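Have a look at the structure below, then the notes.
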Amino acid sequence: MKIINFGSLNIDKTYQVQDFVNPGQTIFASSFQTFAGGKGLNQSISIARAGSKVIHAGSIGEDGGFLLELLKASGADTSRIQILDAPSGHAIIEVNASGQNRIIVYGGTNQMLTEEYIDSVLDLGSPDEDIVLLQNETNLIGSIIAKAHQKGLSVAFNPSPMPSDLEKLPLHCVDYFIVNEIEAAQLAGVSATDTYEDTLSALTQKYPQAAILMTLGHHGVLFEKDRDRHSHPIFRVETVDTTAAGDTFCGYFLSALCRGSDIDTALKESSAASAIAVSRQGAAPSIPSYQEVLDFLASR
């Protein structure tokens, strides 16, 4: 079993600040660093470091060679990544003194997938076995969902950033929604002030064909499929940078499914991996290996 990830590949430009900049304000950053990032890259690295096979599908420019090398070094299959004559996607990230972040993303080559390219990658999938993962940082999302479903592949969708054309997407073809509490409320069409349990119930009623994985920040995670609900609290650690927390959780959870783990084990390992990630700086560099996760759990 493998995961095919149609995912973004970004160059992250990260600025450490005391407080987030306000409109019309100019502030100094205390430090600046360049990291490999993009939700797609982070999730592929998470899957690979968790020990599962992942084929990354996406595009970079000539400036993105170090992204390719990092994926390779992490164990991801990069043979289908395109190198195009255009700038790679990049992100500008503010990280404040409490470890929270704000992010601006420029799509670049991430927005240059073609129907022909998508078809060629999906031909690598095994029906009724493999999972196609996608986020909302590349183009042709609806086409990828529909084509993967038609080929008998499971579809896992992490709709971040939330699509503006949400209702136009073939979401009835999605098998796994991987969302935070705000995205879940938007998908379900309910108020974000509703309780997490009510939001989850509304989402499962709207998309009964899908399993819902709903991360809740400090409140842990909820999962439901066919009225079977599971939860897990967070592991409390000192927060340094939350940038890759959700991507780490997503990758580890899908990797656990590939290993045939039960849902409770998947949630526990994913929560541990996410806790390790937020205790470190950066996006991709913060994602732990599977052995680190096992050592972390053994120490708790």
Side-chain angles (χ1 to χ4, degrees), residues 1-9 38-60 71 74-82 89 109-163 165-166 168-179 183 187 207 209-213 223 225 246-261 266 270:
M1 186 175 184
K2 63 182 177 291
I3 297 167
I4 300 172
N5 183 11
F6 285 88
S8 55
L9 297 159
K39 294 188 70 63
L41 178 139
N42 295 337
Q43 290 173 12
S44 282
I45 288 176
S46 180
I47 293 164
R49 290 182 183 170
S52 293
K53 181 176 181 180
V54 57
I55 298 173
H56 193 98
S59 305
I60 56 173
L71 280 168
S74 298
D77 183 336
T78 63
S79 62
R80 294 298 170 132
I81 292 177
Q82 304 177 107
T109 51
N110 293 317
Q111 298 295 317
M112 297 180 182
L113 302 184
T114 65
E115 298 284 358
E116 293 75 19
Y117 174 75
I118 291 167
D119 289 336
S120 70
V121 174
L122 288 177
D123 284 343
L124 302 174
S126 300
D128 301 318
E129 181 177 345
D130 293 342
I131 298 172
V132 171
L133 169 63
L134 63 161
Q135 315 81 35
N136 193 41
E137 290 186 341
T138 63
N139 62 323
L140 298 178
I141 296 300
S143 182
I144 297 170
I145 293 173
K147 289 182 176 184
H149 179 74
Q150 290 166 5
K151 288 180 175 288
L153 304 170
S154 294
V155 177
F157 185 31
N158 174 213
S160 180
M162 184 60 67
D165 59 346
L166 190 64
K168 296 181 180 179
L169 297 177
L171 299 182
H172 61 283
C173 296
V174 173
D175 300 283
Y176 297 92
F177 284 106
I178 302 172
V179 291
E183 293 158 352
L187 272 175
Y207 300 108
Q209 85 288 349
I212 311 296
L213 180 66
F223 175 90
K225 171 63 175 173
D247 297 331
T248 301
F249 196 104
C250 172
Y252 260 83
F253 181 81
L254 293 178
S255 180
L257 294 185
C258 287
R259 286 196 300 274
S261 299
S270 304

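Because the structure is a prediction, the values reported are computed rather than measured.
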Q. So do V179 and F157 actually touch side chain to side chain, heavy atoms under 4.5 Å?
A. no

**Q.** Which atom of K53 lies closest to which atom of M1, heavy atoms considered
**A.** CB-O, 4.5 Å

Q.
So does E129 get a backbone contact from the side chain of S126, meaning a donor-acceptor N/O pair under 3.5 Å?
A. no

Q: Taking the side chain as every heavy atom from C-beta outward, state whether V174 and H149 have any pair of such atoms under 4.5 Å apart.
A: no

(Q) If you compare all heavy atoms of A148 against all heavy atoms of L122, which two are closest, and at what distance to 0.1 Å? (A) N-CD1, 3.8 Å

Q. Distance-only, no hydrogens or angles: does the N110 side chain make a donor-acceptor pair with backbone N or O of L9 under 3.5 Å?
A. yes

Q.
side chain to side chain contact (heavy atoms under 4.5 Å, CB included) for T114 and I118? Distances and angles first, verdict last.
A. CA-CA 6 Å; T114 65; I118 291 167; over 6 Å; no

Q. Roughly how far apart are I3 CD1 and D130 CG, rounded to 0.5 Å?
A. 9.0 Å

Q | Side-chain touch K39/N158, heavy atoms, less than 4.5 angstrom | A | yes

Q: State the CG-CD distance between L140 and E115, to the nearest 0.5 angstrom.
A: 5.0 Å

Q: Would you confirm whether R259, through its side chain, and A266, through its main-chain N or O, come within 3.5 Å as a donor-acceptor pair?
A: no

Q: Report the C-alpha distance between L133 and V155 in whole Å, list the side-chain angles of each, state the deciding distance to 0.1 Å, and finish with yes or no for side chain to side chain contact (heavy atoms under 4.5 Å, CB included).
A: CA-CA 6 Å; L133 169 63; V155 177; over 6 Å; no

Q | Interatomic distance, I145 atom CD1 to F6 atom CZ [nearest 0.5 angstrom] | A | 11.5 Å

Q: Taking all heavy atoms of A48 and all of S74, pick out the closest pair and write down the distance.
A: CB-O, 3.2 Å

Q) Do K147 and D119 sit within salt-bridge range, that is, some charged N less than 4.0 Å from a carboxylate O? A) yes

(Q) Over 60° means perpendicular and under 30° means parallel, so tell me whether Y207 and F177 are parallel, tilted or perpendicular. (A) tilted

Q) Looking at T109 and I60, what are the two nearest heavy atoms and their distance? A) OG1-CA, 3.3 Å

Q: Grab the two heavy atoms, one from I47 and one from S255, that are nearest each other, plus how far apart they are.
A: O-OG, 3.9 Å

Q) Taking C-beta and beyond as the side chain, do T248 and Q43 meet within less than 4.5 Å on heavy atoms? A) no

**Q.** Residue pair L254 / I178, side-chain heavy-atom distance below 4.5 Å
**A.** yes

**Q.** Distance in Å, T78 OG1 paired with R80 CZ, rounded so as to fall on 0.5 Å steps
**A.** 11.5 Å

Q: Apply side chain to side chain contact (heavy atoms under 4.5 Å, CB included) to the pair L213 and F249, showing each step before the final yes or no.
A: CA-CA 10 Å; L213 180 66; F249 196 104; 3.8 Å; yes

Q.
One pair to check against side chain to side chain contact (heavy atoms under 4.5 Å, CB included): L257 and S154. What are the steps and the verdict?
A. CA-CA 12 Å; L257 294 185; S154 294; over 6 Å; no

Q) Does the side chain of I45 come within less than 4.5 Å of D247's, by heavy atoms? A) no

Q) Any side-chain heavy-atom pair from L169 and P163 closer than 4.5 angstrom? A) yes

Q.
I need the I131 CD1 to N5 CG distance, nearest 0.5 Å.
A. 11.0 Å

(Q) With a 4.5 Å cut-off on side-chain heavy atoms, are I81 and S59 touching? (A) no

Q: Output the distance between atom CZ (F253) and atom OG (S270), rounded to the nearest 0.5 Å.
A: 6.5 Å

Q. Looking only at heavy atoms, what is the nearest atom pair of Q135 and G7, with distance?
A. OE1-CA, 3.2 Å

Q.
Counting neighbours of NZ on K151 that are heavy atoms of other residues, nucleotides or ligands and sit closer than 6.0 Å, is the number greater than 12?
A. yes

**Q.** Steps toward side chain to side chain donor-acceptor pair (under 3.5 Å) verdict (Q111, N139)
**A.** CA-CA 5 Å; Q111 298 295 317; N139 62 323; 5.4 Å; no

